[in-house]
**Student:** 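I'd like to ask you about the structure that follows.
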Amino acid sequence: IKLSRSLSPSLSPSLSLALALSLSLSLSLALCVSCTFTALFIPFPSAPVSTVKFESCLHNREVVFVSSDPAFSVRSDGSVYVERSEPTICSPVRGAFELVFCCSSPEWSQGLGGGGLSGTLFTDRGEPHHSTTVFPRKHLRSSSSNSLRRQKRDWVIPPINVPENSRGPFPQMLVRIRSDQDVTVGIRYSITGAGADQPPSDIYSIDPVNGKMFVTKPLDREERASYHLRAHAVDMNGNQVENPIDLYIYVIDMNDNRPEFQNQVYNGSVDEGSKPGSSVMQVTAGDADDFTTANGMVRYRILSQTPHNPIPNMFTINSETGDIITVAAGLDREKVSQYTIIVQATDMEGNLNYGLSNTATALISITDINDNPPELTDKTFSGEVPENKVNVVVTNLTVVDRDQPHSVNWNAVYRIASGDPSGHFTVRTNPVTNEGMLTVVKPVDFEMNRAFMLMVVVSNQAHLASGIQSSLSSTAGVTISVQDVNEPPVFPVNPKLIRFEEGVPAGTTLTVFSAQDPDHFIHQTVRYSKLSDPANWLRINRTNGQISTMALLDRESMYVKNNVYEATFLAFDNGAPQASGTGTLQIYLIDVNDNAPVLMPREGQVCERARPASRVNITASDADGDPNVGPFVFELPSFPASVRRNWTVSRLNGDYAQLRLKIPYLESGFYDIPVFVSDSGNPPLSNRSVIRIKVCPCDDNGDCSATGAVAAAGLGTGAIIAILICIIILLTMVLIFVMWMKRREKERQAKPLLIDPEDDVRDNILKYDEEGGGEEDQDYDLSQLQQPESLDHIINKPAGVRRVDERPVIAESQYPVRPSLPHPGDIGDFIIDGLRAADNDPTAPPYDSLLVFDYEGSGSTAGSVSSLNSSSSGDQDYDYLNDWGPRFKKLADLYGGGEEN
């Protein structure tokens, strides 16, 4: 079913201020029900509102429209009229009705039942007028063939619109849910869904007894734009009385959000000289409000432009898309390189009275184009350059370009248009200053050109923009003066090649190697000297450059490479400053037959019994070159006769021959075989070479066996016997030495030491690095030390003396002398004798004399030790001191002797 709606042409804009109302006109039909929603503007009574057309309603020929609201009527043509003015719709507020239109066949119109659904009426203060939603009833029709069967009516419930950010008071009633069975049965109502018993919960509530539905807090459309709830009706036992109905709640948007730009600062660019209408950039602002309403419809405008050159309005902006374009010509980067644009975005379709606004900054950079040709600062430039110098900057060409520095539109490119056909000069660009550096790349000669007149043209890396002509100042002339300098003498032919046979005698003149002075305008004298002569074969005349030999030229010398000998000579003038040049002389040495061939190898090996594979391959080497080398001739001498009798040599080719046995058997040993070899020179040269051949017995493979190798080495039976006798003598000497050592060990064990081996401490002496006592020795009481009253006895005491001992002036005792080779058994006796002599020697330190210690001062805080008594209860017997020797004799005399002492 399609709905077409057309507003009445008599509708005045002033009548659009109407009440905000959601009204549902419900029509029911048992067999054919068709409904739709539309929004209408309400004019005065008896004025047509709209036309509703149903293209099909079960192909009924006649359709009857019925309205349950007496304030509206629907005529047979589908026109909707306002029949009377309701007091509630006369308030001058802006709004619209939401209506439900239904069609039905006329023959079933008497079957229309009660019950309908009305929306909530809102005024401009947000105060609602409430309506009641009645659950649909089930109707029974007759069971005849021409009557309808039992049918359950389904309703399309219009949505409930609730404005966001309502100020309350809360809870605020939205609608009342009611069942027409509440007269006879106790009904309990409830709602379910997101916003009721599901997150976000506790937004909507319902009175379970009277069915009034409330909203408990302000709504925010930007958080949630709609809610879908279901209303339930059950009896007191929890049994379902009515089928659940769907409730759709839409949050009406309010203009509570400002437009927000995606960026606070936008950057754009446009070429200078752009035509009006050129696109620059786009700014975009978003509004969190409903974009389908004026609350979310954003419009743009430019508030200001900085600077105002050349006019204050160089740019405009598309109010809907935010595209910024140029509206005037005259963009020049050299005058204004950047514009700052303040852009304002306003919702409510740009209405400044009701809409909310926000601003952003657009920075528009003017892009450089090559609209300024480079210009040289002078029409002529000049410079000087010395001859024969390269990579010398002659002069700098300065240029001015107003385009963007260090860009392709600014970078200068220089070109020499004329005046340098030989390419002596080039102009390089200084990357920092953009100046042209006129540089010498090919030496200039004062004798050839004393001055140059160049024409230089400058341009940019990028082509000039369309319509821009080159400037006359882009061309300049450059005058270059060449300075004369003292040039070194030059050898006309360098290097110079001559040919001579090797072996020419000393003093032979080879050639004249002279140089020329290029300074034609100055008369100078050239002198010569030898710079490099590896073999020291040559000399040069100092005046005329004549070269002669000082020694024989040898082609086979190590200084000759590929038959060529090189020497370097120096030519210098007498100018100021002196200049010199070098020249190379190459002597190609023609070979002569002056070297005899040499035989190779000089050693070989053959089997003592002649066999085909037992032979020695020989060849010859010759230091000369063709044709003074091979083919070579190999011959055996006629003397001694045994050589030709036992050996034979056969030629394989021009360079190789074979030497082998001529007889069936030859005794093993070493043989020196002389061989003559001759070259093919004219006249030929020959050489006698000796080859040392080892003849030995061979195994089946033709290799010398071990026995044969020994025999070939010349070891006979006598030599072998002598070697064996030497080995036996060495073994006998080793055996005698071992027996002697065992005998000494037995003698040492037969005469034991004087002391018990367990008490022998010779191998048990341990050395410790202890330099102090224990911890009890470290706790000093410094308060017991007193400052000495006199330091004389310390000052006068020699350094290093800690004791004042006096050595007795008597004859020293004689100690036993240890024999140079004592027997181990005499060590005990020697120790006893030495100990006895030391005990009886009164001169041995330490001496028994008065010991003088350092003075520690008078007076002490410590108590006297004189009051200490001996812990011994009886008399001490000191007679044992007499047994300790002469060292304790005085002590024994003092304490010994009993009571009489």
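Along the sequence shown, residues carry numbers from 1.
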**Student:** Main chain of Ile341, side chain of Ser304: is a donor-acceptor contact present, judged purely on distance under 3.5 Å?
**Tutor:**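 Here the side-chain-to-backbone pair does not exist.
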**Student:** Under a 4.0 Å threshold between the charged nitrogen and the carboxylate oxygen, would Asp182 count as salt-bridged to Arg178?
**Tutor:**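 Judged by the 4.0 Å cut-off on N to carboxylate O distance, Arg178 and Asp182 do form a salt bridge.
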**Student:** How close do Gln305 and Pro312 get, heavy atom to heavy atom, and via which atoms?
**Tutor:**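 For Gln305 and Pro312, the tightest heavy-atom pair comes out as OE1-O, 2.9 Å.
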**Student:** I'd like to know if the side chain of Asp290 reaches the main chain of Thr292, judged simply by a donor and an acceptor atom lying under 3.5 Å from each other, with no hydrogens or angles considered.
**Tutor:**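 Looks like yes, one N/O pair under 3.5 Å.
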**Student:** I want to check something: taking the side chain as every heavy atom from C-beta on, are Glu164 and Pro218 in contact at a cut-off of under 4.5 Å?
**Tutor:**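 Answer no - side chains too far apart.
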**Student:** Write down the atom of Met314, the atom of Gly330, and the distance for their closest heavy-atom approach.
**Tutor:**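 In this case the closest contact between Met314 and Gly330 is CE-C, 4.4 Å.
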**Student:** Side chains of Phe170 and Thr216: does their closest heavy-atom pair fall under 4.5 Å?
**Tutor:**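 No - every pair of side-chain heavy atoms lies 4.5 Å or more apart.
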**Student:** Where do Ile187 and Ala233 come nearest, in terms of heavy atoms and distance?
**Tutor:**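 The pair with the smallest heavy-atom distance is CG2-CB, 3.9 Å.
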**Student:** Is Gln344 close to Ile302 at the side-chain level, that is, under 4.5 Å between some pair of heavy atoms?
**Tutor:**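 A side-chain contact is absent here, since even the closest heavy-atom pair is not under 4.5 Å.
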**Student:** Counting distance only, does the side-chain N/O of Asn318 pair as donor-acceptor with the main-chain N or O of Thr321 below 3.5 Å?
**Tutor:**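 Looks like yes, one N/O pair under 3.5 Å.
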**Student:** Is the shortest side-chain heavy-atom distance between Asp368 and Ser407 below 4.5 Å?
**Tutor:**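 Heavy-atom side-chain distance check passes, below 4.5 Å.
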**Student:** What pair of heavy atoms forms the shortest contact from Ile324 to Phe315, and how long is it?
**Tutor:**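 Closest approach of Ile324 to Phe315, heavy atoms only: CG2-CB, 4.0 Å.
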**Student:** Can any side-chain N or O of Tyr189 pair as donor or acceptor with the backbone N or O of Met213 at less than 3.5 Å?
**Tutor:**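 Such a contact is absent between Tyr189 side chain and Met213 backbone.
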**Student:** What orientation do Tyr250 and Tyr248 show, parallel under 30°, tilted 30 to 60°, or perpendicular over 60°?
**Tutor:**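 Ring orientation, 0 to 90° scale: parallel.
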**Student:** Quick check against the 3.5 Å criterion: does Thr326 have a side-chain atom that pairs as donor or acceptor with the backbone of Ser278?
**Tutor:**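 Yes: the side chain of Thr326 pairs with the backbone of Ser278.
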**Student:** Show the nearest heavy-atom pair for residues Ala329 and Pro310, with the distance to one decimal.
**Tutor:**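 Nearest heavy atoms, Ala329 then Pro310: O-CG, 4.4 Å.
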**Student:** Restricting to non-hydrogen atoms, name the atom on Met254 and the atom on Pro163 that form the minimum distance, rounded to 0.1 Å.
**Tutor:**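 The pair with the smallest heavy-atom distance is CE-CB, 3.3 Å.
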**Student:** Got more than 12 heavy atoms from elsewhere within 6.0 Å of CG, Asp207?
**Tutor:**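 Yes, enclosed.
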**Student:** Does Leu356 reach the side chain of Asn255, with side-chain heavy atoms less than 4.5 Å apart?
**Tutor:**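 Yes, at least one pair of side-chain atoms sits under 4.5 Å.
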**Student:** Tell me if a side-chain donor or acceptor on Asn351 pairs with a main-chain N or O of Asp347 at a distance below 3.5 Å.
**Tutor:**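 Judged by distance alone, no pair lies under 3.5 Å.
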**Student:** Can you find a pair of side-chain heavy atoms, one from Ile206 and one from Phe214, that are under 4.5 Å apart?
**Tutor:**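 No; the side chains remain at least 4.5 Å from each other.
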**Student:** In this structure, are over 12 heavy atoms from other groups packed under 6.0 Å from Arg402 atom CZ?
**Tutor:**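 Not buried by this count: 12 neighbours or fewer within 6.0 Å.
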**Student:** Ser357 and Thr346: side-chain donor and acceptor closer than 3.5 Å?
**Tutor:**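 Yes, Thr346 and Ser357 have a side-chain donor paired with an acceptor closer than 3.5 Å.
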**Student:** Please, which pairs that meet salt bridge (Lys or Arg N to Asp or Glu O under 4.0 Å) have at least one residue in residues 253-267, sequence neighbours excluded?
**Tutor:**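 Salt bridge (Lys or Arg N to Asp or Glu O under 4.0 Å) check on residues 253-267 returns Arg221-Asp253.
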**Student:** Quick one: do the Ser179 and Glu242 side chains pair a donor with an acceptor below 3.5 Å?
**Tutor:**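 Judged by distance alone, the side chains do pair up.
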**Student:** To the nearest 0.5 angstrom, please state how far the CG atom of Leu219 sits from the CD atom of Glu222.
**Tutor:**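 Going from the CG atom of Leu219 to the CD atom of Glu222 covers 11.5 Å.
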**Student:** Is there a side-chain contact between Pro374 and Asn460 (heavy atoms, below 4.5 Å)?
**Tutor:**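 Counting from C-beta outward, Pro374 and Asn460 do come under 4.5 Å.
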**Student:** Measure from the side-chain N and O atoms of Glu272 to the backbone N and O of Arg333, and report whether any donor-acceptor pair falls under 3.5 Å.
**Tutor:**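 The answer is yes, because a donor-acceptor pair under 3.5 Å joins these two groups.
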**Student:** Using the side chain to side chain contact (heavy atoms under 4.5 Å, CB included) definition, which of the options Asp235, Asn239, Val234 pairs with Val185?
**Tutor:**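 Filter result, single survivor: Asp235.
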**Student:** Do any N or O atoms from the side chain of Tyr266 and from the backbone of Gln262 form a donor-acceptor pair under 3.5 angstrom?
**Tutor:**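 A pair under 3.5 Å: yes.
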**Student:** If you count heavy atoms of other groups shown closer than 6.0 angstrom to NE2 of His308, is the number above 12?
**Tutor:**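 More than 12 within 6.0 Å, yes.
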**Student:** Please determine whether the number of non-hydrogen atoms from other residues, nucleotides or ligands lying under 6.0 Å from atom CD of Gln198 exceeds 12.
**Tutor:**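 Enclosed: over 12 neighbouring heavy atoms sit under 6.0 Å from CD of Gln198.
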**Student:** Do Asn257 and Asp289 have side-chain N/O donor and acceptor atoms under 3.5 Å apart?
**Tutor:**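 Result is yes, a qualifying pair exists.
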**Student:** Under 3.5 Å, side chain of Tyr204 to main-chain N/O of Leu174, donor-acceptor pair present?
**Tutor:**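 The answer is no, because no donor-acceptor pair under 3.5 Å joins these two groups.
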**Student:** Hey, does Val413 have a side-chain heavy atom less than 4.5 Å from the side chain of Asn411?
**Tutor:**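 Heavy-atom side-chain distance check fails, nothing below 4.5 Å.
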**Student:** Report the distance from atom CD of Gln338 to atom CG of Asn267, rounding to the nearest 0.5 Å.
**Tutor:**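 Going from CD on Gln338 over to CG on Asn267, the span is 7.5 Å.
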**Student:** Hey, does the side chain of Asn434 reach the backbone of Trp410 with a donor-acceptor pair shorter than 3.5 angstrom?
**Tutor:**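 Such a contact is found between Asn434 side chain and Trp410 backbone.
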**Student:** How many angstroms lie between CG in Asn161 and CD1 in Ile252, if you round to the nearest 0.5 Å?
**Tutor:**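 Nearest 0.5 Å value for the CG-CD1 distance: 4.5 Å.
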